[in-house]
Amino acid sequence: MTALRLYNTLTRTKEDFVPIDPQNVRMYVCGPTVYDYAHIGNARPAIVFDVLFRLLRHVYGPDHVTYVRNITDIDDKINARALERRGTRNVPILDVVRELTEETYGVYRDDVTALGCLQPSAMPRATENIAPMIAMTKTLIDNGHAYEASGHVLFDVSSKADYGKLSRRSTDDMIAGARVDVAPYKKNPMDFVLWKPSDANTPGWDSPWGRGRPGWHLECSAMIQSTFTGTDTIDIHGGGIDLVFPHHENEIAQSEGAHHEHPLAKVWMHNGFLNVEGEKMSKSLGNFVTINELLADWPGDVLRFNMLRSHYRQPMDWTVAGMRESWNTLEKWYDIVEPIPGTDVGEDLLAALADDLNTPLAIAELHKSRPEELAGGLALLGFSVKPEALKSKKAVDTAAIERAIEARLAARKAKDFKESDRIRDELLAQGIVLKDSPQGTTWEVKK
RNA sequence: GGCCUCGUGGCGGAGUGGUGACGCAGCGGAUUGCAAAUCCGUGAACCCCGGUUCAAUUCCGGGCGAGGCCUCCA
């Protein structure tokens, strides 16, 4: 069996991966907050952890891996959008939330499917896991890890001696560096909310502390508990590096506090950030790219390949030039692989992936591979390996192009090269590139 | 201020205490009416300063530079 090594944020080292139960390897990844279309940065964890999911399935067997990615549908940004969306309609706010999140999630699901991501084993929603959240909050109060204050329930950070172990901060440092206004009802500035009150226009559920809603961090802890039954500790917990603090730190505090200090996860994995053309992506810079709009111009396979050219922990720069290069590489490979239904997975490729998901090295190995291994490797990495999947999505007038090619052929036969070159240039100006071969002339849309 | 990453050829991007991955671009050749595509071949790098070592891009220390987190964020 291939031995996996994974970088663990908790220890800041690469470790041999030893599953708690090889018959059921458990992985949880923080999923999208479904208030708007997902952007290209959101695609990174979806793709990275999909590759890990596929690798784990390859190593331990497809039926022996459980991959859970939640849907965060309780969130103040969602609430604000829902309120706008409701307008003057007389419907419960929770129904509007559901409407909005169903719609947004549907787009997300279609987007990541187009990126070649397998459906996770389970996708729990926060709104469907309120009872476990309330139960966990009660447990934390009973354990002395949480307290009620002004309608809120807060986690008492001072009750957890090792708080800060994932992000490696001491609470003193955090307080010194804090740039947030501290709510007056907090005992300690770092205490975070488990449960907060909701007004009539905000989704809320009845609880022992009144009508309210869970804090964001609690949602994940409770969903992990209710989805992975029969264990307190899962094998892998993943997400973006920005979630290390406070989100994952707080998840650890909650789950361990509620589960007799049993670790929440053995391995914590975090993907690096993504920039667009050398700049941080932001709405104000105007370089905010959604997966959805990208898929209108680029094949999903190309997006996926482009993403995997960088190691998941490295910051990556998303560029159009890189996308073009990715497209060309895949086209070349799909031509080689098309007639070969290979399922071989090369040793070197597997070794690269097994070494903390070294996809750039894996891609280098593919370049050296025999066609059978290339086919198998691409399939393992989640590529469609269908040439038609790489066709440009730009609309073109095929009939007109065919006519122009015929005309050019006639001109060439008549040795009227001035005319034949004119036709070729004209097509090129329209973005159509011609390729002459002994078998005839073919064309493609310029990238 | 605190914590943490990173700095490899024109570009992307691995890796290693000693034989300079891999891809793209470039260059040379084949092919072509000329191109494109394709095929063959090929030059080029390890931020700076110390230290350890027979030997450092690779280890250690310092410097400079870039970035992230500390607030919602993948």
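Here is how names work: the chains are called A, B, and so on, in the same order as the sequence lines, proteins then strands, and each is numbered from 1.
Separating the C1' atom of B:G23 from that of B:G13 is a span of 8 Å, rounded to the nearest Å. Only the C1' atoms considered, B:C60 is 23 Å distant from B:A66, to the nearest whole Å. When the C1' atom is compared between B:G18 and B:G29, the two are found 35 Å apart, to the nearest whole Å. The gap from the P atom of B:G7 to that of B:A25 amounts to 26 Å, rounded to the nearest Å. When the C1' atom is used for both B:U58 and B:G17, the distance is 6 Å, rounded to whole Å. For the C1' atom pair drawn from B:C47 and B:G43, the interatomic distance equals 23 Å after rounding to whole Å. Across B:C11 and B:C40, the matching P atoms stand 26 Å from one another, rounded to whole Å. B:A56 and B:G51 have their C1' atoms separated by 12 Å, with the value rounded to a whole Å.
A:Arg324 has its CZ atom 16 Å from the P atom of B:G12, to the nearest Å. Rounded to whole Å, atom C1' of B:G12 lies 11 Å from atom NE2 of A:His367. When rounded to the nearest whole Å, the span between CD of A:Glu365 and P of B:G23 equals 11 Å. Atom CD of A:Glu325 is separated from atom C1' of B:A25 by 8 Å (rounded to the nearest Å). Regarding A:Asp75, its CG atom lies at a distance of 14 Å from the C1' atom of B:A74, rounded to whole Å. Per the geometry, CD1 belonging to A:Ile363 stands 13 Å off P belonging to B:G15, to the nearest Å. To the nearest angstrom, P of B:C24 lies 14 Å from CG of A:Leu366. The distance between atom CZ of A:Arg408 and atom P of B:G33, rounded to the nearest whole Å, is 11 Å.
Among the atoms of the strands shown, none is found under 4.0 Å from any heavy atom of A:Arg422. Using a 4.0 Å heavy-atom cutoff across all strands shown, A:Arg12 reaches sugar-phosphate atoms only and no base atom. Looking at heavy-atom distances under 4.0 Å, A:Leu243 makes contact with sugar-phosphate atoms alone, never a base. Contacts of A:Val433 with the nucleic acid, taken as non-hydrogen atoms under 4.0 Å apart, involve only primed sugar atoms and P, OP1 or OP2.
Proximity of A:Asn306 to the phosphate of B:G12: no side-chain N or O atom is located under 4.0 Å from OP1 or OP2. Of the side-chain N and O atoms in A:Lys418, none sit less than 4.0 angstrom from OP1 or OP2 of B:C34. Residue A:Ser437 has no polar side-chain atom (N or O) positioned under 4.0 Å from OP1 or OP2 of B:A37.
Using a 4.0 Å cut-off between a side-chain N of Lys or Arg and a carboxylate O of Asp or Glu, A:Lys418 and A:Asp416 do not qualify as a salt bridge. At a threshold of 4.0 Å, the pair A:Arg211-A:Asp199 does not count as salt-bridged, since none of the basic side-chain nitrogens sits closer than that to a carboxylate oxygen. A salt bridge does not link A:Glu388 with A:Lys391: none of the charged nitrogens is closer than 4.0 Å to a carboxylate oxygen. A salt bridge does not link A:Arg81 to A:Glu84: none of the charged side-chain nitrogens sits closer than 4.0 Å to a carboxylate oxygen. Salt-bridge check for A:Glu102 with A:Arg125: passed, with a basic side-chain N closer than 4.0 Å to an acidic carboxylate O. A salt bridge links A:Arg304 and A:Asp50; the closest N-O separation between the charged side-chain nitrogens and carboxylate oxygens is under 4.0 Å. Salt bridge absent: A:Glu249 and A:Arg169 never bring a charged side-chain N and a carboxylate O closer than 4.0 Å.
The side chain of A:Leu274 has B:A74 as its nearest neighbour among B:A74, B:C72, B:A21. Here B:A21 is the nucleotide among B:A36, B:A21, B:C3 with the atom lying nearest to any side-chain atom of A:Lys368. Picking from B:C24, B:A14, B:A74 the nucleotide with the shortest atom distance to the side chain of A:His39 gives B:A74. With B:G23, B:A14, B:C72 as the candidates, the nucleotide lying closest to the side chain of A:Leu361 is B:A14. With B:A36, B:U38, B:A74 as the choices, the nucleotide that has an atom nearest any side-chain atom of A:Asn271 turns out to be B:A74.
A cation-pi arrangement is not found for A:Lys386 relative to A:Tyr334, the charged atom failing to lie both closer than 6.0 Å to the ring centre and inside a 45° cone about the ring normal. Because its NZ or CZ atom is both nearer than 6.0 Å to the ring centre of A:Phe53 and within 45° of the ring axis, A:Arg57 counts as a cation-pi partner of that residue. Judged by the 6.0 Å distance and 45° axis criteria, A:Arg313 is positioned over the aromatic ring of A:Tyr7.
The stretch residues 40-57 of chain A touches RNA chain B through A:Gly41, A:Asn42, A:Pro45, each having a heavy atom under 4.0 angstrom from the strand.
Applying the side chain to side chain donor-acceptor pair (under 3.5 Å) test between A:Asp73 and each of A:Thr127, A:Thr33, A:Thr104 identifies A:Thr127 as the sole match. If you run ring pair (Phe, Tyr, Trp, His ring centres under 6.0 Å) between A:Phe305 and each of A:Trp327, A:Trp333, A:Trp298, only A:Trp333 comes through.
The heavy-atom pair separating A:Glu293 from A:Val289 by the smallest distance is OE2-CA, 3.5 Å.
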One pair to check against ring pair (Phe, Tyr, Trp, His ring centres under 6.0 Å): A:His248 and A:His217. What are the steps and the verdict?
CA-CA 8 Å; A:His248 290 162; A:His217 313 304; 9.4 Å; no
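Here the side chains of A:Leu350 and A:His58 are in contact, with some heavy-atom distance below 4.5 Å.
The base of B:A36 does not come close enough to the side chain of A:Arg424 for any donor and acceptor atom to sit less than 3.5 Å apart. For A:Asp436 and B:A35, a side-chain-to-base donor-acceptor distance below 3.5 Å is present, hydrogens and geometry of angles not being considered. Within 3.5 Å, a donor on the side chain of A:Asp421 pairs with an acceptor on the base of B:G33, or the reverse.
Comparing A:Lys435 and A:Pro360, the nucleotide of RNA chain B nearest to each residue sits closer to the 5' end for A:Pro360. Where A:Asn328 and A:Pro32 each meet RNA chain B at their nearest nucleotide, the meeting point lying more 5' is that of A:Asn328.
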What does the 5'-to-3' dot-bracket notation of RNA chain B look like when only Watson-Crick and G-U wobble pairs under 3.5 Å count, and pairs to other strands show as |?
(((((((..(((.....[...))).(((((.......)))))....(((((..]....))))))))))))....
Enumerate the protein-to-nucleotides 66-69 of chain B contacts in which both atoms are nitrogen or oxygen and the separation is below 3.5 Å.
residue : atom : partner  : partner atom : Å
B:C69   : O2'  : A:Arg169 : NH2          : 3.0

